[in-house]
Amino acid sequence: FNITEMIRFNTKVLKVSQRGEKWEVSTQEVEEDGKTLRGEKQTIVCRFLAVATGHHAKPSYPTFPGEDTFKGDIIHSVLYKDPLLNDCVGKRVLLVGIGNSSVDAAVDCATVGRCKSVYISSRSGAWIIPNYIFGFPTDLYACRAFFMMPWKLGSYILEMVIKVCCGNPKRWGLYPKMRALQTQPTVSPTLIHHIQRKNIKIVPNITRIEGDTVHFVNGESAPFDKIIYCTGYKIDIPYLSEEIRLKAIDESSNDLLLYKNVFSPSIGPTVGFIGFVQPASGGVITMSETQARWFSQVCKGSVQVPPKHLMEQDIRTEKLSHAGRWYQSARHTIQRDPILYNDEISSLFGAKPSLLKNPLLAWRLMFSSGGAAQWRLQGPGQWSGAAEEVAKVPITDMMDWAAKIGIVLFAIFAYYIYYIVVCCFSGC
């Protein structure tokens, strides 16, 4: 595709503004440091614009009373590399937040860094999920059959599995305030191991900081040399003009004002926001790809987006549904289940996997995660090798046997109902 010939490397986007039905993108070259500007400003004029700089853009920093008195270093996890480069070796380290970045850094400090003490402070707790469950990667359990269940039932099943594998999270001081499927999973095969051996300690939220001493809401306190804020990011698109930005982002709540996380009803289909979605499992790549394919079909005129009032209505409906499903925090404003989201978006341009059109893959499409190739089985951008790739994705033993047992139980129930009906009409 000669992609590299179409990319302008070492170029910073300064401003994006709308001029009639066209978009003006102001750019300028930068030095290798990515910051120092050089040369003259240039302007690119285009009919369609894809904003694909992602939502993990601006580090989010909490504030605590007495923070300015802390004698050690305070950094955000975006700057964390390893205990050696960040001068954590042998130090007393506190990590704030209990997402994947925090857990990975904590385990790193407790092992590679040989830190004197490692604490994780969390205000909402967490369900810690191992990388592998019953011998299969955890991501493989996310499948259409699982998502067909009411999410509370699915949460109950997942919570029982976690307790079987790792024990009750309350036992390790984790105290999750939400159900397992109400948040993005925190995945770690070793955190519980280090909590058990007292290499890592879980504490609640911070009340105040006094010098090198940090106080927590449960009355405990401890001295630290370094604090790492693993508190996520805010959506930030500074190069968009304020008029456009206010039509796409609710900066007060870190939320989007977009139809299916891609199109702004107030702007129209000439600009698509790609990658502004948070996967509840797996990664964002398949979701971004599906968004990009949808946007490309809109650009070609092959697909139309709904009228403005219908898009706004859909956004309101989704927000109500979202509020009932996800734990309410800035972290979950754009949370989506990848398989359900990809199915929904791909159905808008004819690429949703069809069980009827792919009967040999039907069982796998229902009870395995399917992989990225499943949305290439049909529609625009169809790939001849997609079926072979989908067939390579394993079905977990748990899902396979649960499905087979479910079918047998359903058959027995159906036969019982049939027998009763026949007896009623025959008078037996």
Side-chain angles (χ1 to χ4, degrees), residues 56-81 83 85-110 113-128 169-178 182-184 186 188 191-192 194-236 251-254 327-333:
H56 284 167
K58 185 178 181 180
S60 177
Y61 286 87
T63 55
F64 298 105
E67 184 179 83
D68 56 335
T69 69
F70 186 66
K71 299 177 182 179
D73 297 325
I74 299 178
I75 65 170
H76 191 275
S77 59
V78 70
L79 299 176
Y80 179 82
K81 302 301 180 183
L85 290 176
N86 291 101
D87 191 29
C88 296
V89 177
K91 300 291 182 64
R92 299 165 298 184
V93 179
L94 170 64
L95 299 105
V96 181
I98 197 164
N100 289 293
S101 296
S102 174
V103 169
D104 288 347
V107 171
D108 205 25
C109 287
R114 298 187 178 183
C115 295
K116 290 181 180 178
S117 64
V118 179
Y119 281 55
I120 296 178
S121 169
S122 171
R123 62 183 179 182
S124 57
W127 290 90
I128 304 300
K170 293 180 181 179
R171 186 177 179 185
W172 316 121
L174 294 165
Y175 296 102
K177 293 182 179 179
M178 73 294 287
Q182 280 190 296
T183 181
Q184 182 182 7
T186 298
S188 174
L191 177 66
I192 302 299
H194 288 292
I195 293 174
Q196 291 169 339
R197 283 151 183 78
K198 304 186 185 307
N199 298 328
I200 296 175
K201 184 174 182 178
I202 307 296
V203 290
N205 200 20
I206 297 170
T207 55
R208 68 187 188 279
I209 300 173
E210 294 179 345
D212 64 354
T213 302
V214 179
H215 298 264
F216 306 100
V217 297
N218 62 352
E220 291 186 42
S221 64
F224 296 99
D225 304 304
K226 186 176 288 288
I227 298 176
I228 304 175
Y229 288 149
C230 305
T231 45
Y233 301 82
K234 294 180 180 179
I235 300 171
D236 186 43
E251 295 180 338
S252 64
S253 62
N254 201 46
Y327 184 68
Q328 296 305 294
S329 74
R331 182 188 182 196
H332 301 104
T333 55

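- With contacts defined as side-chain heavy-atom distances shorter than 4.5 Å, the pair His194/Val107 qualifies.
- Screening residues 58-72 for side chain to side chain donor-acceptor pair (under 3.5 Å), with sequence neighbours left out, gives Glu67-Tyr229.
- Taking both residues in full, the closest heavy atoms of Cys115 and Cys88 are given as SG-O, 3.1 Å, listed atom of the first, atom of the second, then distance.
- With sequence neighbours excluded, no residue forms a side chain to side chain donor-acceptor pair (under 3.5 Å) with Asn86.
- In terms of the side chain to side chain donor-acceptor pair (under 3.5 Å) criterion, residue partners of Tyr80 (sequence neighbours excluded) are, by chain and number, Asp108.
- With a 4.5 Å cut-off on side-chain heavy atoms, Arg92 and Pro223 count as touching.
- Annotation for Ala126 and Ile98: closest pair CB-CG2, 3.6 Å, computed over non-hydrogen atoms.
- Interatomic distance, Met178 CE to Tyr327 OH, rounded to the nearest 0.5 Å: 5.0 Å.
- Looking at every heavy atom in both residues, Gly125 comes nearest to Ser122 through N-OG, 2.8 Å.
- Judged purely by atom type and a 3.5 angstrom limit, Ser102 has no side-chain atom pairing as donor or acceptor with the backbone of Leu95.
- Here the OG-NZ distance, from Ser253 to Lys234, works out to 11.5 Å after rounding to the nearest 0.5 Å.
- A donor-acceptor pair under 3.5 Å is absent between the side-chain atoms of Ser221 and the main chain of Val214, judged by distance alone.
- Here Lys226 contributes atom NZ and Ile74 contributes atom CD1; the two are 10.0 Å apart, rounded to the nearest 0.5 Å.
- Taking 4.5 Å as the limit, some side-chain heavy atom of Phe216 sits within range of a side-chain heavy atom of Ser121.
- Atom CD in Gln328 sits 11.5 Å away from atom OG1 in Thr183 (nearest 0.5 Å).
- With sequence neighbours left out, the side chain to side chain donor-acceptor pair (under 3.5 Å) criterion links Asp212 to no other residue.
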Original post:
Can you check side chain to side chain contact (heavy atoms under 4.5 Å, CB included) on Gln184 and Asn100, steps first, answer last?
Top reply: CA-CA 9 Å; Gln184 182 182 7; Asn100 289 293; 4.3 Å; yes

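- Counting all heavy atoms, side chain and backbone alike, Ser188 lies closest to Ile128 at O-CG2, 3.9 Å.
- Side chains of Leu174 and Trp127 form no contact here, defined as non-hydrogen atoms less than 4.5 Å apart.
- Of all heavy-atom pairs spanning Asn254 and Tyr233, the tightest one is ND2-O, 3.7 Å.
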Subject >> Chi angles and distances behind the side chain to side chain contact (heavy atoms under 4.5 Å, CB included) call for Ile209, His215 >> reply: CA-CA 6 Å; Ile209 300 173; His215 298 264; over 6 Å; no

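- Not a single ring-ring contact (aromatic ring centres under 6.0 Å, His included) links Phe64 to another residue, sequence neighbours left out.
- Side-chain contact between Ile195 and Lys201: absent, with no pair of heavy atoms (C-beta onward) separated by less than 4.5 Å.
- The closest side-chain heavy-atom distance from Thr231 to His76 is below 4.5 Å.
- At a threshold of 4.5 Å between non-hydrogen side-chain atoms, the residues Ile227 and Asp73 do not count as touching.
- Each of Leu94, Ile228, Leu191 was evaluated against Ile120; a single residue qualifies, Leu191, per the side chain to side chain contact (heavy atoms under 4.5 Å, CB included) test.
- Listed by chain and residue number, Glu210 satisfy the salt bridge (charged side-chain N to carboxylate O under 4.0 Å, His left out) test with Arg208 (two or more places apart in sequence, or in another chain).
- A pairwise comparison of heavy atoms in Pro83 and Gly113 identifies CB-CA, 3.5 Å as the closest pair.
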